[in-house]
2 protein chains.
Amino acid sequence: MSDHSEAPVTPVEAYEPPYYVAVFTTVRTQDQSGYSETNARMEDLVKDVPGFLGMDHAQTPGGLGITVGYFRDADALTEWRNNAEHRAAQKRGQAEWYQSYTLHVAKVERSQGFTRG
Amino acid sequence: MSDHSEAPVTPVEAYEPPYYVAVFTTVRTQDQSGYSETNARMEDLVKDVPGFLGMDHAQTPGGLGITVGYFRDADALTEWRNNAEHRAAQKRGQAEWYQSYTLHVAKVERSQGFTRG
């Protein structure tokens with residue numbers, strides 16, 4: 001057993017290119033009521049998208065959040081982008097939770113993984 | 001003046017595609033001696049690469065770190081990848097600082113920014 005209280009963190013693996021990443025960087029507002037529930041719901045929902053490969057998230061306390069979603073192809077991303085519940089969450093995010101954000105959608109050309117032996 | 005003790009966080013902007021992102025997700029080891037100094041040096045060094053656009057970083061305490069570097073084109077990324085001091089830092093990272101990491105290099109096709117009015 002580990003001496004950490006949480007499950008070990010494992011980043012999404014380096015898949016064989018091509019695949020897509022959606023890089024979402026956020027600065028939050030002070031009002032985060034309802035955010036956790038919606039975020040958990042989105043994390044569940046995206047798993048149902050065919051071609052969804054995984055998601056990584058890091059959050060500096062009081063600072064920047066970065067979420068990276070990995071998708072097999074552009075169609076998978078389009079399906080996720082058009083999901084009605086996801087669109088409603090985006091609207092609420094703009095209205096309440098985000099001070100600013102940036103989204104970069106990109107096609108992976110090269111990937112590489114390292115794990116300590 | 002803000003009531004925050006740190007400068008306001010601003011994510012790297014949504015540039016006009018195409019441009020490149022390098023998504024670097026990391027899980028650290030317990031031994032982080034020398035990491036901060038090397039990381040600061042790399043942050044300085046990458047700014048000298050022609051075509052470097054910016055960098056975002058988020059770190060969940062005790063969890064995942066995500067660094068995203070933004071570059072105008074593949075040549076800029078190649079120059080950074082081949083930088084001798086950067087390569088030495090990568091070697092030391094594998095030997096000492098990283099439990100695991102994944103790198104995804106991708107060409108941005110679409111970007112979008114939002115800032116609260």
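Because the structure is predicted, anything quoted here is derived from the model rather than measured. Values reported hereafter were calculated over all heavy atoms of this structure, with side chains retained and with hydrogens, waters and symmetry mates removed. Lettering follows sequence order; numbering is per chain, from 1.
The hydrophobic cluster containing B:F24 does not contain A:V12, counting ILVMFWY residues as joined when their side-chain heavy atoms lie under 4.5 angstrom apart, directly or transitively.
Taking the side chain as every heavy atom from C-beta outward, B:I66 and A:V68 approach each other to under 4.5 Å. Residues B:V27 and B:L64 have side chains in contact (heavy-atom distance under 4.5 Å, counting atoms from C-beta outward). Under the 4.5 Å side-chain criterion, counting only non-hydrogen atoms from C-beta, B:Y70 is not in contact with B:Y20.
Checked against side chain to side chain donor-acceptor pair (under 3.5 Å), A:S33 has the following partners two or more places apart in sequence or in another chain: A:D31.
Going from atom CD of A:Q90 over to atom CE of A:M42 covers 9.0 Å, rounded to the nearest 0.5 Å. Note that OG1 of B:T78 is 12.5 Å distant from CG of B:N83, once rounded to the nearest 0.5 Å. Distance check, rounded to the nearest 0.5 Å: CZ of B:R28 to OH of B:Y35 gives 4.0 Å.
Scanning residues 95-114 of chain B against chain A with a 4.5 Å non-hydrogen threshold yields B:A95, B:E96, B:W97, B:Y98, B:Q99, B:S100, B:Y101, B:T102, B:L103, B:H104, B:V105, B:A106, B:K107, B:V108, B:E109, B:R110, B:S111, B:Q112, B:G113, B:F114, sorted by number. Contacts between residues 47-59 of chain A and chain B, counted as heavy-atom pairs separated by less than 4.5 Å, involve A:D56, A:H57, A:A58, A:Q59.
A salt bridge (Lys or Arg N to Asp or Glu O under 4.0 Å) check over residues 59-88 of chain A, counting only residues at least two apart or in different chains, returns the pairs A:R41-A:E85.
Residue A:A22 comes nearest to A:F71 through the heavy atom pair CB-CE1, 4.5 Å, listed as atom of the first residue, atom of the second, then distance.
For B:T29, the part sitting under 4.5 Å from any heavy atom of chain A is the side chain, from C-beta outward, and nothing else.
Highest contact tally toward chain B, considering only A:T67, A:V21, A:T26, A:T115, is held by A:T115 [criterion: heavy-atom pairs under 4.5 Å].
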